[in-house]
Amino acid sequence: MTTRNRSCILAAMLGVACGLAVFTFLYARGPSYLFDDPRTCTNCHVMRAEFDSWNRSSHKGGATCNACHTPHNPAGKYAVKALNGWNHSVAFTTGRFPDPITIKSLNRTVAADNCHRCHEIMVSRMLASYSRKEVDCARCHGSVGHPERN
Amino acid sequence: DIVGKKREALSYPLKVVEIGKNEIDPVLWGKNFPFEYDGFVKTEIDYGATRYGGSKQFDRLERYPALRRLYAGNAFGVDYKEERGHHYAAIDQEKTKRVSVVQQPGACVNCHAAEAPLMIEEMGWEAFNRAPYDSLKGRAKTGSSCSDCHDPETMALRITRPAFRIAMEAAGVDLKKATRQEMRAWVCAQCHVEYYFKGEDKVLTLPWSRGRSIDSIEVHYDEYAFKDFTHKETGAPMIKIQHPEFELWGTGVHAKSGVACADCHMPYIREGSVKISDHWVRSPLDHLEQTCQTCHRLTKEELNERVISIQDRTAALLRRSELALIAAIDAIAAARAAGAGDDDLGEALRLHRAAQMRWDFISSENSTGFHSPQEAARVLAESIDLARQAELAAGKYDPGRDRGRM
Amino acid sequence: DIVGKKREALSYPLKVVEIGKNEIDPVLWGKNFPFEYDGFVKTEIDYGATRYGGSKQFDRLERYPALRRLYAGNAFGVDYKEERGHHYAAIDQEKTKRVSVVQQPGACVNCHAAEAPLMIEEMGWEAFNRAPYDSLKGRAKTGSSCSDCHDPETMALRITRPAFRIAMEAAGVDLKKATRQEMRAWVCAQCHVEYYFKGEDKVLTLPWSRGRSIDSIEVHYDEYAFKDFTHKETGAPMIKIQHPEFELWGTGVHAKSGVACADCHMPYIREGSVKISDHWVRSPLDHLEQTCQTCHRLTKEELNERVISIQDRTAALLRRSELALIAAIDAIAAARAAGAGDDDLGEALRLHRAAQMRWDFISSENSTGFHSPQEAARVLAESIDLARQAELAAGKYDPGRDRGRM
Ligand SMILES: [Ca+2]
Ligand SMILES: [Ca+2]
């Protein structure tokens, strides 16, 4: 088969994949990424574990999923939501994602920034001589949102 | 497709056949639980060797030559291989020279055949253990089956092996009150434990009357003045320890933190959109991401390094302990050559027994120390000390000295 | 009111006084940082003894009598106490008999006085180390100060002690590139490390040319054919190991997981609306809830049990190792009494040195094995083996035997 044909087929497959992903995005209420009710995240059963652990966490009363997992400058907020919504939909559809699901650096940074947003005062003295980049909240508090995993 | 996934998630498991009370055929059980069955049959696969374990059935006597002399006088000195998947439980038992160079009792079948519980029910506990292995092996064909660990009605975990039940009840444990997490270790503890054959009836017994640490196990054996074999070179009354995974694990940080065997050897995995326990029971090093990353947010490489560095330390101490034991054996043999008798060597023989028992507790345990790193090193430190003391005691023998003063 | 709190917190640090480049007086620094200062001065408090540590200044020679004989020929055999808070760094040094029974060099001052960096700048590195301790102690009055660990301008952590900088740079580490987390251990490593006085100038040196494990440290000392003292009973050239907390911690699981000294010994505590580092540097057992519970979701009792069970295992091996070392010393002494000379005992003396160095590495380390449980047990296992071999080697001496064949 010529390279040309092969790339055609690839393109076709890609198209199908995208179609499926879009379907997932809608069927799985992808737009749920755009709202703040934690239950919407569990439209995907694969988010169940994290929902359950959050439900038992010290933050149930203090923070929703999006409070930690999406940036809070308006632009960034929808950008990351869209990106995650899309990535996770594709991942969910293709089934190609790590097990256990593990946070990626982008989202870890997002979460860390949100710690500061709510706890700015509490940690102000930790940061007197150092920039935010030089402290990793999750190193000691990685389980505040999800008690199960150290 | 996602619609399917959503439905599948709700409809699994699918009860297509009824499983009879005494059914042991995994194929039938598997019809109801295809995902678990798929994993279960994989225990036939040779996924290769890890640094110290894995499924490659290498010859332990060749890899660790000291073992031939340490086990001199015991069947393990003739044939001892690295263990592999549950699929081979009956096969490897029938093939090992340990069942041909000596006549073994039916007690051996307890942990190597799914037929065992049924045979026990029919023959009675003592008769089953006492019967010659050769007379039972014809029927003991199913090395491992769902029925070993599961209740066919509820699929709940259950204890099917009498030796474990008897030992736990003697320790005052009410197995009916077992928590789910306890059962996730106890089903394994039916077999992955140190044992001996007690009395004329060769009744399979776990030496736990005083506790499950090696120190308590030693007290148990000494009280019975029990021995598995007499060492060919020193004449010491020896104990042969086998696979005390449950006992060593019990002294470690994971056990204290409630982490069970199944958490590491049967982690939850995704099958399509359902989470099931991986029934391909094997070395966690073959799939660290599922087994460890659930709890440890570390990379595969980091986790592997953690295990290997613990095992390398243990292995180095095992080799050091073997050198000390060989030196002790040489010294005792030399004393005998110089005319020493058992009464001259009492102390040296007692020390040889105590030292080798401790070494064997870590050597025959199959995690190379990982199940409890500090305890493994502590036990080997004692083994080394006692072995050197045996060497010193034997060295004190002086042919000229007047017997009376011994 | 929240707004007020916020302003207060953010306007921090409240520079009420300017801290000069060479300022060491904690009182002045404290004016800017009252919370940290409050904790800092608490290091004077005796919060009592823990099972193996704590701030009660008990006599280690009385509690572990074997030490008197093991240290025979060294000042530690005369006076060796349990250490306490930073407040006493200069006080206890001046009071110990170790500075009166022998003439000590100025090098001692390096880690026991905040004045040290300034004196080094004035006198020069060699001259400072070489000078008699008695000639410097008059000025070395401030046992510990903020300046030891902080840059007065930025309050960032900094390295102020030359010995550590020199050793790290020799190992190819660029201290300027240190991460914050590294500094949370390195500021401690300026003092909580094994050291020796090198050459005529008694230059304070860390024996890390080959690495920081006890095995690498041994190679370093053997290459220099260095000795701290000659053992009074055996005549072996000995090494005295002191507080290798940094080295042992470095081999453990916590270090691998990036957990620094400050995480456990200076945990964050709440002061009203902000959290600060607890500058009451002490045993974590005195406040397990802050030191361990953030990372380990375990009760205080469980955490305490984890530590104690690790320490009990280490302590048992320490005592076992001491018995083996005493037996070796007795055997060598007996051989000498029977006429053996250094050339007859070469092997035994080499083994005594190697065995005791390993025991001391764990005995003088102040966590009783907690900083790296398996490594501590491994090192003690080697110590016991080498000590028993020393006993065996000395036992082989035979007065009758013709020297030529040695
Ligand atoms: Ca294996
Ligand atoms: Ca202390």
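Throughout, protein chains are lettered first and strands after them, A, B, ... in sequence-line order, and every chain is numbered starting at 1.
- Residue C:Ser257 touches chain B through both its backbone and its side chain, counting heavy-atom pairs closer than 4.5 Å.
- Here C:Ile310 is the residue among C:Ile384, C:Ile310, C:Leu380 with the most heavy-atom pairs under 4.5 Å with chain B.
- A 4.5 Å side-chain heavy-atom check between B:Tyr52 and B:Asp312 finds at least one atom pair inside the cut-off.
- For C:Trp208 and C:Glu194, the side-chain atoms include no donor-acceptor pair closer than 3.5 Å.
- Heavy atoms closer than 4.5 Å to chain B are found in both the backbone and the side chain of C:Thr314.
- Taking chain C as the reference chain and counting heavy-atom pairs below 4.5 Å, the highest number among B:Pro373, B:Ala377, B:Ser372 is found for B:Pro373.
- Summarising the local packing, CZ of B:Arg210 is surrounded by 12 or fewer heavy atoms from other residues, nucleotides or ligands at distances under 6.0 Å.
- Considering only heavy atoms from C-beta on, C:Val193 stays 4.5 Å or farther from C:Arg212 through its side chain.
- For an aromatic pair to be called close, the ring centres must be under 6.0 Å apart, and C:His371 with C:His254 fails this.
- Applying a 4.5 Å heavy-atom cutoff, none of the residues of residues 355-363 of chain C approach chain B.
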For B:His243 and B:Ser364, what are the C-alpha separation, side-chain angles and deciding distance, and is it a side chain to side chain donor-acceptor pair (under 3.5 Å)?
CA-CA 5 Å; B:His243 38 74; B:Ser364 294; over 6 Å; no
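- Counting heavy-atom pairs closer than 4.5 Å to chain C, the top-ranked of the candidates B:Glu302, B:Arg378, B:Lys256 is B:Lys256.
- With contacts defined as side-chain heavy-atom distances shorter than 4.5 Å, the pair B:Asp385/C:Arg388 qualifies.
- Residues B:Ser216 and B:Glu218 bring no donor and acceptor atom of their side chains to less than 3.5 Å of each other.
- The closest donor-acceptor contact from the side chain of C:Glu245 to the backbone of C:Glu365 lies at 3.5 Å or more, if one exists at all.
- Proximity to chain C involves both the backbone and the side chain of B:Thr251, based on heavy atoms less than 4.5 angstrom apart.
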